[in-house]
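Residue numbers start from 1 in every chain, and the chains themselves are labelled A, B, ... in the order their sequence lines are given, proteins ahead of strands. Note that the structure is predicted; figures quoted are calculated from it, not measured.
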Amino acid sequence: MRELRSEVLVLGAGPAGIAAAVSAERAGARALLVDMQAEPGGQIWRGQWNKATDSTARRWLSALRASPVEGRYGLRLVDVPAPGEFVFDGADGPLRVHCERAVIAAGARERLLPFPGWTLPGVFGAGGLQVLAKNGWPVAGKRIVVAGSGPLLLAAAASLRSLGAQIVLIAEQSGWRDLAAFGSGLLGTPHKVVQAAGLWRKLIGVPYRTGSWVTQALGDNEVRSVIVRRGRQIVQLDCDALAVGYGLVPNTEIARALGCELRDGAVWVDMHQHTSVPGVYCAGEGTGIGGIDQALVQGEIAGCAAAGRAELAATAQRRRRGSERFAAHLRRHFGLRAELRSLAQDDTVLCRCENVAFGAAKACSSMRDARLQTRLGMGHCQARVCGAACEFLFGWGAATPRPPLAPAGLSCFNLSTSAENPQEPT
Amino acid sequence: MPPEISVRIDGEDVRVRGDCSVAAALRQAGYAATRLAHDGSRRAACCGMGICFECRVQIDGRERLACLTPVAAGMEIWRDA
Ligand SMILES: Cc1cc2nc3c(=O)[nH]c(=O)nc-3n(C[C@H](O)[C@H](O)[C@H](O)COP(=O)(O)OP(=O)(O)OC[C@H]3O[C@@H](n4cnc5c(N)ncnc54)[C@H](O)[C@@H]3O)c2cc1C
Ligand code: FES
């Protein structure tokens with residue numbers, strides 16, 4: 001197996017990981033940055049590497065280019081066989097990395113909830129279709145319904161529209177009272193207001209409905225129309241695609257496999273982004289959903305701390321508190337309504353990989369019980385999709401991840417000595 | 001327009017944009033689905049970011065995620081749909 005050594009390994013090359021790797025090098029450490037995407041940028045800066053149009057993206061991506069950080073892309077972390085050892089899988093086969101300290105910057109994923117028709121081709125996550133389109137998925141001239149919850153709906157609709165899509169409707173499940181409270185709370189963070197105003201400008205003329213949600217997607221081989229509910233009103237809308245996501249959930253699989261403590265579904269960190277496991281840091285959405293500003297600030301702090309120079313992040317420390325206020329504000333105002341728990345029918349697929357129906361899962365008592373009885377969460381995605389849905393639908397906690405973290409070529413595991421209790425990277 | 005390249009999808013030669021993901025190339029070439037579920041229903045890319053595994057296809061003989069893989073000239077792609 002190919003092997004690499006590094007002082008600081010940064011897992012994930014989104015804003016948090018880029019800031020961490022660049023800051024670690026500036027603070028005097030050798031950093032290796034690895035991501036399963038083909039290029040650095042994470043979700044928000046998808047497609048910006050070779051043609052940055054966003055000024056913050058341009059600044060950080062050129063800082064990364066100019067820095068001695070070693071970047072390896074198209075490699076997915078699949079195993080953590082021993083402390084300080086990380087196994088990746090990619091097109092050219094596996095790679096084993098040995099490092100002294102690690103920064104986890106694996107971001108977040110969308111919460112997707114089951115409803116009749118959600119497995120049809122043409123039904124995507126909201127940010128999901130946005131990032132697919134940033135990588136060339138054809139949306140020009142297509143009629144798209146954007147639905148679900150949170151500020152990502154606006155960002156997704158604006159970028160799909162700029163690529164030529166016709167946005168039929170944005171259906172936000174939160175009521176207008178919550179949204180008004182969210183909006184007025186932003187007044188304390190003026191640049192967020194400017195950002196929001198910029199998004200709204202790009203959406204002039206697009207119908208936006210609060211307190212509305214999609215109850216069904218219809219079509220034979222592909223989605224053709226959706227049913228949208230608003231109070232007692234029900235409408236059917238023709239469309240070529242449905243982009244629906246119910247907010248973001250932190251990716252915590254890597255942290256959990258390393259034994260890091262979680263709190264409220266996110267990785268617990270101290271003021272230097274240090275997790276409960278010595279030598280392991282976490283930055284960005286994994287520590288709790290907070291968006292790009294939080295990701296950059298935490299990345300800087302984590303990079304300096306992982307290089308052993310936490311004191312260099314003093315100014316970032318001051319910005320950290322502002323980003324935390326925004327994160328808390330976001331969580332308060334986009335709670336999901338109870339009606340979303342009854343969209344799925346007993347025969348609606350809940351676990352997409354193993355085709356486990358909602359009705360079969362509902363009869364179980366926990367994620368573990370559902371695994372044993374129905375194979376829920378045992379397929380390719382390893383409960384990344386249905387786990388977040390079950391948490392909302394049934395209040396089930398996540399089951400502990402076991403290696404491999406993702407299906408990989410068998411060659412990755414031949415040489416692994418499996419660690420029961422991953423500890424401190426040495 | 002970005003330059004086009006040739007790839008082979010399910011044994012057929014097609015021209016697609018050279019600057020996109022395999023998932024996007026499949027859709028440009030008119031293929032809606034990437035795989036069949038256990039019950040025979042069609043599935044396609046959903047999360048766009050390597051989470052859902054619905055976009056998995058065979059690329060040059062290996063199972064890969066179409067949404068994370070940049071398309072390249074001469075690629076041989078097989079769907080399971
Ligand atoms: C689909 C989607 C679209 C979004 N679009 C926007 C937007 O338009 N505007 C906005 O303000 N916010 C958007 N967000 C919110 C976004 O989370 C933050 O703005 C920002 O990108 C967070 O930065 P981050 O570095 O914490 O995480 P991310 O940007 O998510 O970066 C995490 C990186 O880790 C990599 N990774 C994860 N697991 C592994 C593994 N096992 N092996 C290797 N690499 C791995 C991922 O490929 C990813 O590149 C979006 C989120 C999602 C999920
Ligand atoms: S679309 Fe979900 S993994 Fe590719």
Point to revise | Best-contacting candidate, A:E110, A:E39, A:R109, against chain B by heavy atom pairs under 4.5 angstrom | key: A:R109
Check your understanding: What pair of heavy atoms forms the shortest contact from B:A45 to A:L132, and how long is it?
Key -> CB-CD1, 4.1 Å
Exercise for review: Against chain B, label A:A243 side chain, backbone, both or neither, depending on which of its atoms sit under 4.5 Å from a heavy atom there.
Suggested key: neither
Check your understanding: B:I51 versus A:N251: any side-chain heavy-atom pair under 4.5 Å?
Key -> yes
Revision key, fill the gap. Heavy-atom closest pair (B:F53 atom, A:A406 atom, distance to 0.1 Å) is CZ-CB, 4.2 Å
Check your understanding: Picking from A:P138, A:A133, A:G125, which has the most non-hydrogen pairs under 4.5 angstrom with chain B?
Key -> A:P138
Study note, to complete from the structure: Here the pair of heavy atoms bringing B:A44 nearest to A:P121 is CB-CB, 3.7 Å
Review point. Where does B:I59 contact chain A at under 4.5 Å (heavy atoms): side chain, backbone, both or neither?
Key: neither
Review point. Can any side-chain N or O of B:Q28 pair as donor or acceptor with the backbone N or O of A:G136 at less than 3.5 Å?
Key: yes
Point to revise | Max heavy-atom pair count under 4.5 Å with chain B, selected residue of A:T119, A:L129, A:L112, A:L120 | key: A:T119
Review point. Are any of the side-chain nitrogens in A:E222 or B:R43 under 4.0 Å away from the carboxylate oxygens of its partner?
Key: no
Review point. How many angstroms lie between CG in B:L68 and OH in A:Y73, if you round to the nearest 0.5 Å?
Key: 14.5 Å
Check your understanding: With a 4.5 Å heavy-atom cut-off, do A:R352 and B:C46 have their side chains touching?
Key -> yes
**Study point:** Top contributor to chain B interface from A:G245, A:A91, A:G122 [non-hydrogen pairs under 4.5 Å]
**Key:** A:A91
Point to revise | Max heavy-atom pair count under 4.5 Å with chain B, selected residue of A:V385, A:N221, A:V131, A:V349 | key: A:N221
Review point. Would the number of heavy atoms belonging to other residues, nucleotides or ligands and lying under 6.0 Å from CG of A:N50 be above 12?
Key: yes
Practice item. Kindly indicate whether the side chain of A:M36, heavy atoms from C-beta on, has any atom under 4.5 Å from the side chain of B:M49. Key: no
Practice item. Compare all side-chain heavy atoms of A:R76 with those of B:L65 and state whether any distance is below 4.5 angstrom. Key: yes
Review point. Hey, which of B:G50, B:C67, B:C55 has the most heavy atom pairs under 4.5 Å with chain A?
Key: B:G50
Check your understanding: Does any heavy atom of chain A fall under 4.5 Å from the side chain of B:R64, the backbone, both, or neither of them?
Key -> side chain
Check your understanding: Quick one: what part of A:Q43 sits under 4.5 Å from any heavy atom of chain B, side chain, backbone, both or neither?
Key -> side chain
Check your understanding: Going through the distances and angles, do A:D89 and B:R62 end up as a salt bridge (Lys or Arg N to Asp or Glu O under 4.0 Å)?
Key -> CA-CA 12 Å; A:D89 188 38; B:R62 281 195 72 181; 3.5 Å; yes
Study note, to complete from the structure: What one should report as the nearest heavy-atom pair of A:C353 and B:C52 is SG-O, 4.3 Å
